[in-house]
Amino acid sequence: YKKSPKEAALSWFKDARFGLFVHWGPASLYGQGEWVMYNNRIPIKEYEQKAREFKGGKFNAQDYVNLALDANMKYITFVIKHHDGFALWDSKASDYNSVKYPSGRDFLKELSIACKRAGLGLFIYYSVGLDWHHPYYIPNTMYDPARPHYAKTPEEYKYSKPEDFKHYMNFAKTQIMELCTMYGPIAGFWFDTVGGVYQYSDLFNIQEVYDMIHAIQPHALVVFKTGANGNEDFITGERHFGSLAPVFKSVGLPKKVQDAADYSWQNNKAKPAELNIPIQTLGWAYHSSSKQRQKSAKEVMDLLDYCAKVNANLLLNIGPRPDGSILEENVRVLKEVGRKLKKEGFPAFCCRKSFSFLFFKNTAIHPPQTVRRTVLRGGGSCPVWRSNTIFRRSVSILLRRSRLRQCNISARCRLHSGAGSGKPIRFWPIGLRLRYRTSSPHRFWSKWRLPALPFFRRIWISGRDHH
């Protein structure tokens with residue numbers, strides 16, 4: 001550490017293997033995920049009023065630390081300011097924080113103390129690339145997700161010229177300075193989102209932020225997705241590894257942003273890596289939907305095995321309830337994962353140097369695919385046989401003749417897989433087996449008519465790319 005704080009920190013990070021990601025804040029009150037303010041175009045005043053109900057009465061920092069320790073995790077990444085701009089610490093830069101609001105608590109302070117006592121690293125998630133609350137952040141006419149698409153621009157939004165953005169960056173730097181000085185040594189900063197930084201790199205001048213952090217805490221690691229300017233210490237892939245260009249293209253961001261994402265990926269993919277992925281299927285923050293599903297211990301172990309194959313850490317996200325309590329199924333699954341890791345150990349790395357891109361070239365790498373269920377339209381279900389590799393995925397549905405007594409010459413198949421537009425699906429029958437194969441990470445809804453075969457009935461196949 002005395003010789004090189006940064007190298008010492010990176011060495012620790014490479015050995016950490018497993019971390020806990022926590023998305024929690026006022027958005028949890030709606031039970032619709034962390035982008036609810038944007039998606040539902042909730043007015044600022046209304047959201048501020050709702051945030052006063054956010055008190056975190058059952059938030060116990062020690063519960064999170066104990067959960068991380070039970071799961072054999074070595075660090076926690078805590079979301080202390082998401083895109084809604086609400087701060088979970090005692091920020092002097094704004095009254096829009098948990099200490100000034102009715103909760104009256106500095107949640108970051110409580111967690112930092114608990115992490116230090118337990119010897120866990122603490123990464124601070126800070127949304128520098130989006131802020132829907134600050135008056136001088138850029139408008140959505142300049143960058144689409146910059147603001148909710150209100151019918152009329154709220155009077156709280158005051159940006160009118162590029163020079164106004166300095167007010168926002170000064171505010172962000174002040175808050176990051178607080179985070180560097182108020183809570184002792186931290187493991188590092190986890191910044192989000194990067195699209196606006198690519199598009200307006202001169203306005204953000206993110207290197208000034210990095211320099212300020214390292215001047216105060218020289219050991220602190222900095223990550224900004226797959227890289228904002230190339231000076232980050234490691235990369236993190238959201239749900240999968242690869243360039244963010246397809247994502248930016250799908251939401252209509254300009255080619256400048258897509259090219260910057262490709263360039264960033266090509267230049268940073270050899271750095272130490274982390275895969276961040278939610279344990280739940282819907283969103284990252286709390287979702288009250290009946291469609292919400294949590295990963296099983298086996299699925300988490302599969303993710304750890306996948307990360308080992310590419311020499312990456314796994315940052316597994318949970319979305320606590322609005323009151324700060326952790327979902328019981330998350331506790332049960334992560335404790336079971338911890339017991340397996342203590343018994344069997346972590347899966348062996350491919351090699352110990354850096355993120356392994358041995359055979360992948362420029363393609364995105366995705367975690368295993370899981371088919372959830374197969375239901376025969378006339379009733380009953382079919383057993384599923386699943387075969388996954390990093391290079392391609394195949395899923396076979398085994399059809400039993402006893403379940404398929406009545407003839408129907410067509411099978412209608414529906415599959416959901418990721419986001420964006422995808423490649424064609426190919427289905428073909430092999431005896432009593434219907435097999436699907438694709439390496440596409442995209443979403444598609446497709447129908448395919450099978451050849452006339454007397455034993456087929458109408459079948460629905462549904463699946464998800466990310467467990």
Side-chain angles (χ1 to χ4, degrees), residues 19-42 46-47 49-60 63-64 67-68 71 76-86 88 98 103 107 125 127 130 132 145 148 190 192-193 238-240 247 251 275-300 303 314-335 337 367 369-373 416-420 443 462-467:
L20 181 67
F21 205 179
V22 182
H23 270 74
W24 185 59
S28 304
L29 294 165
Y30 293 89
Q32 299 178 47
E34 68 288 351
W35 278 69
V36 62
M37 181 180 177
Y38 179 88
N39 293 335
N40 294 359
R41 303 177 186 178
I42 301 173
E46 180 182 328
Y47 195 88
Q49 191 61 35
K50 187 73 172 179
R52 295 189 174 278
E53 301 175 20
F54 178 74
K55 299 179 181 179
K58 293 185 179 180
F59 177 89
N60 183 352
D63 289 344
Y64 291 85
L67 180 61
I76 295 177
T77 301
F78 189 44
V79 176
I80 51 88
K81 185 181 86 80
H82 205 259
H83 312 328
D84 60 4
F86 189 83
L88 298 185
S98 60
S103 64
F107 297 109
Y125 172 111
S127 175
L130 274 182
W132 300 322
W190 209 101
D192 203 20
T193 63
E238 183 173 324
R239 298 179 184 266
H240 70 273
V247 177
V251 296
L275 174 70
N276 66 91
I277 193 166
I279 197 170
Q280 66 267 27
T281 54
L282 299 178
W284 297 78
Y286 177 70
H287 246 285
S288 58
S289 170
S290 59
K291 296 181 180 179
Q292 180 67 290
R293 197 194 75 86
Q294 310 291 324
K295 287 181 172 61
S296 66
K298 183 183 183 304
E299 289 174 311
V300 175
L303 285 172
L314 173 63
L315 182 62
L316 190 65
N317 177 80
I318 61 172
R321 296 186 183 92
D323 62 9
S325 60
I326 305 170
L327 298 178
E328 290 76 13
E329 52 263 52
N330 294 164
V331 175
R332 176 181 52 79
V333 165
L334 290 177
K335 284 187 175 182
V337 168
Q369 177 181 357
T370 299
V371 167
R372 295 291 173 209
R373 58 193 170 88
H416 170 89
S417 179
R443 172 181 297 171
S462 65
R464 276 194 182 276
D465 188 44
H466 304 295
H467 288 283

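Nothing here was measured: the structure is a model prediction, and the numbers come from that model.
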**OP:** Using ring pair (Phe, Tyr, Trp, His ring centres under 6.0 Å) as the criterion, list what pairs up with Tyr47, not counting sequence neighbours.
**Re:** Tyr30
**OP:** Could you tell me which residues satisfy ring pair (Phe, Tyr, Trp, His ring centres under 6.0 Å) with Tyr125, sequence neighbours excluded, listed by chain and number?
**Re:** His23, His82, Trp190
Original post:
Shortest non-hydrogen contact from Ala27 to Gly33?
Top reply: CB-O, 3.8 Å
Original post:
Do Phe78 and Leu88 have side-chain heavy atoms sitting under 4.5 Å apart?
Top reply: yes
**OP:** Please list, chain by chain and in numerical order, all residues satisfying side chain to side chain contact (heavy atoms under 4.5 Å, CB included) with Val247, sequence neighbours excluded.
**Re:** none
Original post:
Within the side chain of Lys295, is there an N or O that forms a donor-acceptor pair under 3.5 Å with the backbone of Pro278?
Top reply: yes
**OP:** Apply side-chain hydrogen bond (donor to acceptor under 3.5 Å, both in side chains) to Asn40 and list each qualifying residue two or more places apart in sequence or on a separate chain.
**Re:** Gln32
**OP:** Please answer whether the main-chain N or O of Thr281 pairs with a side-chain N or O of Gln292 as donor and acceptor at a distance below 3.5 Å.
**Re:** yes
Subject >> side-chain hydrogen bond (donor to acceptor under 3.5 Å, both in side chains) against Thr193, all qualifying residues, sequence neighbours excluded >> reply: none
**OP:** Side-chain contact test, heavy atoms from C-beta onward, threshold under 4.5 Å: evaluate it for Leu20 versus Leu316 and give yes or no.
**Re:** no
Original post:
Of the non-hydrogen atoms in His240 and Leu275, which two are nearest, and what is the gap between them?
Top reply: N-CD1, 3.6 Å
**OP:** Apply ring pair (Phe, Tyr, Trp, His ring centres under 6.0 Å) to Tyr64 and list each qualifying residue two or more places apart in sequence or on a separate chain.
**Re:** Phe59
Subject >> Side chain proximity check, Ile326 to Asp63, heavy atoms < 4.5 angstrom >> reply: yes
Original post:
Hey, do the aromatic rings of Trp24 and Trp284 have their centres closer than 6.0 Å?
Top reply: no
Original post:
Considering residues at least two apart in sequence or located in another chain, which fulfil the side chain to side chain contact (heavy atoms under 4.5 Å, CB included) criterion with Ser325?
Top reply: Lys58, Arg321, Asp323
Subject >> Sidechain-backbone polar pair: Ser288 side chain, Gly31 backbone, donor-acceptor under 3.5 Å >> reply: yes
Original post:
If you take all heavy atoms of Ser28 and Tyr286, which pair is closest and at what distance?
Top reply: O-CD2, 3.6 Å
**OP:** Salt-bridge test for Glu299 and Arg293: reply yes if a basic N is under 4.0 Å from a carboxylate O, no otherwise.
**Re:** yes
Original post:
Does some side-chain heavy atom of Lys81 sit less than 4.5 Å from a side-chain heavy atom of Phe86?
Top reply: no
**OP:** Report the C-alpha distance between Ile279 and Val333 in whole Å, list the side-chain angles of each, state the deciding distance to 0.1 Å, and finish with yes or no for side chain to side chain contact (heavy atoms under 4.5 Å, CB included).
**Re:** CA-CA 10 Å; Ile279 197 170; Val333 165; 4.2 Å; yes
Original post:
If we only count heavy atoms from C-beta on, is the Pro320 to Leu327 side-chain gap below 4.5 Å?
Top reply: no
**OP:** Could you pull out all residues at least two apart from Glu53 that satisfy salt bridge (Lys or Arg N to Asp or Glu O under 4.0 Å)?
**Re:** Lys50
Subject >> Whether Glu34 side chain and Ala285 backbone form a donor-acceptor pair below 3.5 Å >> reply: yes
Subject >> Glu329: side-chain hydrogen bond (donor to acceptor under 3.5 Å, both in side chains) partners, not counting sequence neighbours >> reply: none
